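Below is one structure, written out as structure tokens; the observations come after it.
So that the names make sense, note that chain A is the first sequence line, chain B the second, and so on, each numbered from 1. Everything quoted here is computed from the prediction, not taken from an experiment.
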Amino acid sequence: MNRKLRLPVSAGGVAAALALWQLIATGPMAGGPLPTVADTFAELAGLLAGGAFWAALADTLVIALAGLAAAAAAGVVTGVLIGSFEPVRYATAAVLEFLKPIPPIVILPLVVLIFGPTTPMSWFLVFFGCVLPIIMQTVAGVHDADPVTLDTARSYGLGRVEILARVTLPSAMPFIGTAMRVAAPAALIITVVAGLLGGGPGLGRSIYQAQASGDYPVLYAYVVVLGVLGLAFQGASALAERRLLHWHASYREVLTP
Amino acid sequence: MNRRLINWTLGVGTPLLLVTAWWVLSENSTNTFFPPLSATLERFQALWLFDHFGSDVMLSLRNLVIGYALATVIGVGLGFATALVPVARWALDPLIHFLRGIPPVALVPIFISLIGFGLEMRLVSITLAAVFPTLIATVDGIRSVDSTLKDVSAVYRLSRGEKLAQVYLPAAGPQIASGMQVSLQVAFIVMIASEMLGSSQGIGAMTLLAQQSFMTSDMWAGILLLGVIGFGANLVFEVIKNKVLAWYVGSKRLARS
């Protein structure tokens with residue numbers, strides 16, 4: 001197969017999907033809950049022109065990023081503390097392993113009960129959902145530091161803090177980087193969930209309102225926006241990881257002849 | 001040896017200590033948000049063992065299992081097709097990446113608008129949301145199969161079926177498995193979300209309903225049950241994965257030592 005055909009085929013795939021959507025929306029499901037492509041994108045353009053959309057988008061971004069930043073700070077500090085002391089690591093392992101596979105949506109009812117449908121509610125859910133993986137990856141990274149390098153640093157007479165800053169943290173960085181790359185899209189998803197199910201501000205709430213009032217073109221327009229936003233979060237976090245950690249051995253690119 | 005015993009005691013002791021602390025500290029609690037643990041467990045027993053077991057717990061679990069199984073089959077099958085047929089990959093790649101950018105829970109309102117609030121909606125939501133992690137991991141896994149392996153299987157003139165089952169599937173196995181693990185989490189989250197959004201049956205619906213009617217002990221019982229299910233599902237997955245991929249786990253351990 002000719003590689004030059006790739007772009008046309010990709011464009012064809014997207015066009016075919018849109019055509020299929022339009023066909024179903026105007027044919028078998030005309031007038032039903034499935035809006036046409038034209039309606040959806042007209043509505044999307046209308047949203048982009050209005051102020052309410054941008055306010056919701058700003059709410060979503062602020063909550064997601066603030067929750068993520070707090071989770072990163074708390075997670076790395078806690079992870080370093082747990083990882084530096086072996087008894088603490090053993091004491092917390094079972095608890096962390098138990099909590100890790102439990103998604104934040106499970107505690108959503110409790111958090112909504114305490115905070116109400118507010119920004120702190122969404123923010124807390126994002127924090128809760130992101131902090132555990134970051135802690136666990138940091139612990140693993142701290143634990144993974146090369147013992148020979150640690151011994152060398154110690155024999156050069158480096159202090160605890162210096163060893164932490166010059167050996168342990170740099171060697172834990174790839175672990176933390178991976179955790180952050182996974183956590184960033186998760187933060188966006190949790191913000192949307194908090195809005196959709198808990199009534200927190202942002203795009204999640206907008207989707208819920210569109211669905212509840214049966215305003216289907218708006219609903220689809222919001223979902224399209226979320227798809228683009230999700231891609232942007234994934235791309236940005238992957239790019240940031242590579243840019244910030246390019247010096248580390250596991251990220252250096254191998255030159256192939 | 002002695003140190004090992006201490007660490008082991010810490011590992012087992014801390015969770016027990018935490019649960020005991022929760023029990024003792026909450027025993028005389030009059031705080032509406034944090035009822036006594038004994039009351040929560042009483043409600044847990046009253047609700048889930050076995051009053052609503054058949055009507056709600058089994059219903060949720062059945063949705064989860066069927067939806068997840070469908071998602072896995074579709075994800076792996078479609079993944080193989082997209083990875084091995086260049087035209088299919090070029091045509092579907094942009095679509096797949098756009099759809100996976102959408103937060104899975106945001107798809108639920110769309111399915112509600114298309115199919116209504118019934119059982120089918122919940123199944124379709126779980127299946128479609130959980131397809132993407134497995135699908136993308138399968139495509140990536142097959143595309144990163146060692147080119148030497150491909151050449152060798154070509155030299156040995158393996159048939160198409162043999163190549164798929166004995167070369168590609170094992171080589172991509174570990175990556176497919178980690179995709180399936182993410183899919184399981186997504187399926188679990190969407191299971192809860194699809195019940196919380198306007199359904200009256202299922203664990204998620206009952207937990208949210210308890211929260212909205214301020215029956216805090218019932219809500220805690222629901223959170224407890226969901227947490228146990230989330231943890232249990234992941235545990236079962238890990239056990240099966242380690243059994244199926246025993247050769248991989250072993251080879252990784254060898255490589256590390």
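Looking at heavy atoms from C-beta onward, B/Met196 lies in side-chain contact with A/Pro109 at the 4.5 angstrom threshold. A 4.5 Å side-chain heavy-atom check between B/Asp93 and A/Ser10 finds every atom pair outside the cut-off. Between B/Pro109 and A/Leu219 there is a side-chain heavy-atom pair separated by less than 4.5 Å. Between A/Thr92 and B/Thr14, the closest side-chain pair of non-hydrogen atoms is not below 4.5 Å. Contact of the A/Phe98 side chain with the B/Pro15 side chain is not registered, since no non-hydrogen atoms from C-beta on lie closer than 4.5 Å. Here the side chains of A/Leu110 and B/Gln211 are not in contact, with every heavy-atom distance at 4.5 Å or above. The shortest side-chain heavy-atom distance between B/Trp90 and A/Pro8 does not fall under the 4.5 Å cut-off.
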Report the C-alpha distance between A/Leu99 and B/Phe231 in whole Å, list the side-chain angles of each, state the deciding distance to 0.1 Å, and finish with yes or no for side chain to side chain contact (heavy atoms under 4.5 Å, CB included).
CA-CA 8 Å; A/Leu99 290 177; B/Phe231 174 75; over 6 Å; no
Report the C-alpha distance between B/Arg100 and A/Gln234 in whole Å, list the side-chain angles of each, state the deciding distance to 0.1 Å, and finish with yes or no for side chain to side chain contact (heavy atoms under 4.5 Å, CB included).
CA-CA 10 Å; B/Arg100 94 161 166 171; A/Gln234 282 168 4; 3.4 Å; yes
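Here the closest non-hydrogen pair linking B/Gly227 and A/Val106 is N-CG1, 4.0 Å. When all heavy atoms are compared, the tightest approach of B/Val87 to A/Val9 is O-CG1, 3.6 Å. Nearest heavy-atom pair across B/Pro104 and A/Ile189 is CD-CD1, 4.0 Å.
Of all the listed residues (A/Leu188, A/Val88, A/Val224), the one sharing the greatest number of non-hydrogen pairs under 4.5 Å with chain B is A/Val224. Your options are A/Val112, A/Ile114, A/Ile102, A/Ile207, and the one with the most heavy-atom pairs under 4.5 Å with chain B is A/Ile114. The greatest number of non-hydrogen atom pairs below 4.5 Å with chain B, out of A/Ala94, A/Ala91, A/Gly230, A/Ala16, is found for A/Ala91. Among the candidates A/Val193, A/Leu229, A/Leu196, A/Val228, the residue making the largest number of heavy-atom pairs closer than 4.5 Å to chain B is A/Leu196. Interface summary for chain B: among A/Gly227, A/Gly13, A/Ala210, the most heavy-atom pairs under 4.5 angstrom belong to A/Gly227.
One finds the OH atom of A/Tyr90 at 10.0 Å from the CG atom of B/Leu10 (value rounded to the nearest 0.5 Å). Here CG of B/Leu197 is found 6.5 Å from CD of A/Gln211. Values are rounded to the nearest 0.5 Å.
Only the side chain of A/Val192 comes within contact range of chain B, with heavy atoms under 4.5 Å apart. Within the 4.5 angstrom heavy-atom criterion, no atom of A/Val225 approaches chain B. With a 4.5 Å cut-off on non-hydrogen atoms, B/Leu92 does not touch chain A at all. Proximity to chain B is limited to the side chain of A/Tyr216, based on heavy atoms less than 4.5 angstrom apart. In this structure, chain B has a heavy atom under 4.5 Å from the side chain of A/Tyr208, while its backbone stays farther away.
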